[in-house]
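Below: one structure, written as structure tokens.
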Amino acid sequence: MAGHSKWANIKRQKAVVDAKRGNIFTQLSRAIIVAARNGVPDPAGNFQLRTAIDKAKAAGIPNDNIERAIACGTRGANAKGAGTFGGDNSSLEEIRYEGYGAGGVAILIEALTDNRNRTAADLRVAFSKNGGNLGETGCVGWMFTQKGVCVVEGVVDEEQLLEASLEGNAESYEMTADETAEVFTEVANLETLSQTLKAKGFKVADVELRWIPGNQVEVTDSEQARSLFKLIDTLEGLDDVQNVTANFDMAENLMATMV
């Protein structure tokens, strides 16, 4: 998990800059729409919706936009979404795409789209222009396992974190930075873990579902690393793409030159 955690940390650091791009607003708004459509529209009773709203607020999305996205998700099968979010939001599908980057790095893409053909075409172009290729469903998915992750800040006593994590039925934890940890659990247990950590006085800065690679490809060549990062940036810049995960690992000094 260590290598993937390094990449996750960089993605969070980039979020402040990325939030200024319009597509981030679209992606987060779509996540709210789907969460509201899949459960009750009240965030108090819908963990997925509550998490999506928290991420939207952290990115600076106005409350009016958040409320409109929730409304879009509850309008019914024939409802049209607000123009801000684009298209017929009632037809949004959650689709996972898979492919390879430079050096055979496995890449998993989670998308929300109202047009599969458009999304697949955009992804195919992104891969082909950046040294990779879009593969068939299942070509790399078997390399990843989805886990729930709580990012905990202000950790001054690892023993207390361990006790709280065990009480919340966590599988493991990892210190990723000074006083910052990531606590991993089964997807179905994520809300319980988050609530337990908070009840024990820990600051849960982020809650997410993350695909964890079972094996990693070591990247040491700077050109290969540059091609890989350009591909990931291009994929993340597409409106339909919600999340990109890859199974690479590289030295922190090399990674630092890429961002």
Side-chain angles (χ1 to χ4, degrees), residues 7-8 10-97 107-123 125-126 146 148-151 187 190-191 194 204-211 232-245:
W7 174 236
I10 284 181
K11 290 180 73 173
R12 279 194 288 276
Q13 292 166 12
K14 289 172 58 185
V16 175
V17 176
D18 290 344
K20 298 176 183 177
R21 303 193 324 230
N23 70 297
I24 291 297
F25 275 44
T26 300
Q27 290 167 353
L28 293 173
S29 297
R30 285 183 173 183
I32 292 173
I33 291 168
V34 172
R37 189 178 67 192
N38 291 344
V40 296
D42 181 4
N46 185 332
F47 181 63
Q48 181 186 0
L49 177 59
R50 189 162 69 248
T51 301
I53 291 173
D54 287 344
K55 290 181 184 294
K57 288 182 176 179
I61 295 183
N63 287 334
D64 287 349
N65 293 51
I66 292 173
E67 291 172 3
R68 192 157 67 249
I70 295 172
C72 285
T74 57
R75 284 178 183 171
N78 298 318
K80 293 288 184 180
T84 304
F85 310 132
D88 182 356
N89 289 295
S90 65
S91 65
L92 286 173
E93 295 181 87
E94 297 175 85
I95 307 177
R96 197 173 75 205
Y97 295 90
I107 298 179
L108 209 60
I109 302 116
E110 294 170 285
L112 284 175
T113 180
D114 58 2
N115 188 322
R116 287 181 175 224
N117 292 334
R118 179 196 65 227
T119 303
D122 289 345
L123 291 173
V125 169
Q146 194 174 42
V149 185
C150 289
V151 179
V187 171
L190 183 56
E191 182 174 11
S194 175
V204 179
D206 195 12
V207 177
E208 64 182 7
L209 298 180
R210 191 186 302 171
W211 290 96
I232 292 174
D233 279 341
T234 301
L235 292 172
E236 289 182 335
L238 299 175
D239 281 350
D240 294 339
V241 172
Q242 294 295 108
N243 191 46
V244 179
T245 305

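With values rounded to the nearest 0.5 angstrom, Leu235 atom CG is found 11.5 Å from Leu108 atom CG. Rounding to the nearest 0.5 angstrom, the gap separating the CD atom in Gln242 from the CG atom in Leu92 is 9.0 Å. For the atom pair CG of Asn115 and CD of Glu93, the computed distance is 9.5 Å after rounding to the nearest 0.5 Å. Rounding to the nearest 0.5 Å places SG of Cys150 at 10.5 Å from CD of Glu191. Atom CD1 of Ile61 and atom CD1 of Ile53 lie 10.5 Å apart (nearest 0.5 Å). Separating the CZ atom in Arg37 from the CD1 atom in Ile33 is a distance of 8.5 Å, to the nearest 0.5 Å.
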**OP:** Walk me through it: do Leu123 and Val241 pass the test side chain to side chain contact (heavy atoms under 4.5 Å, CB included)?
**Re:** CA-CA 9 Å; Leu123 291 173; Val241 172; 3.9 Å; yes
Subject >> Check against side chain to side chain contact (heavy atoms under 4.5 Å, CB included), Ile109 and Arg96 >> reply: CA-CA 6 Å; Ile109 302 116; Arg96 197 173 75 205; over 6 Å; no
**OP:** Tell me, with the steps shown, if Asn38 and Glu94 meet side chain to side chain contact (heavy atoms under 4.5 Å, CB included).
**Re:** CA-CA 11 Å; Asn38 291 344; Glu94 297 175 85; 3.5 Å; yes
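Between Asp240 and Thr26, every side-chain heavy-atom pair lies at or beyond the 4.5 Å cut-off. Taking the side chain as every heavy atom from C-beta outward, Ile107 and Tyr97 never approach each other to under 4.5 Å. In this structure, Phe25 and Arg30 have side chains that are not in contact, with every pair of non-hydrogen atoms separated by 4.5 Å or more. The shortest side-chain heavy-atom distance between Trp211 and Glu110 falls under the 4.5 Å cut-off. Contact of the Asn46 side chain with the Pro41 side chain is not registered, since no non-hydrogen atoms from C-beta on lie closer than 4.5 Å. Residues Val207 and Lys55 form no side-chain contact, since every pair of their non-hydrogen atoms from C-beta on lies 4.5 Å or further apart.
Minimum heavy-atom separation, Thr113 to Arg118: OG1-NH2, 3.4 Å. Heavy-atom minimum distance, Gly148 versus Leu209: CA-CD2, 4.1 Å. Taking each heavy atom of Ala69 and Ile32 in turn, the nearest pair found is CB-CG2, 3.7 Å. Of all non-hydrogen atoms in Leu28 and Ala56, the two that sit nearest each other are CD1-CA, 4.0 Å. Across every non-hydrogen atom of Val40 and Gly45, the tightest pair is CG2-O, 3.5 Å. Of all heavy-atom pairs spanning Leu190 and Val149, the tightest one is CD1-N, 3.6 Å.
Between the Gln27 side chain and the Ala111 main chain, no donor and acceptor come within less than 3.5 Å of each other. With Gln48 contributing its side chain and Ala31 its backbone, the two residues share no donor-acceptor pair below 3.5 Å.
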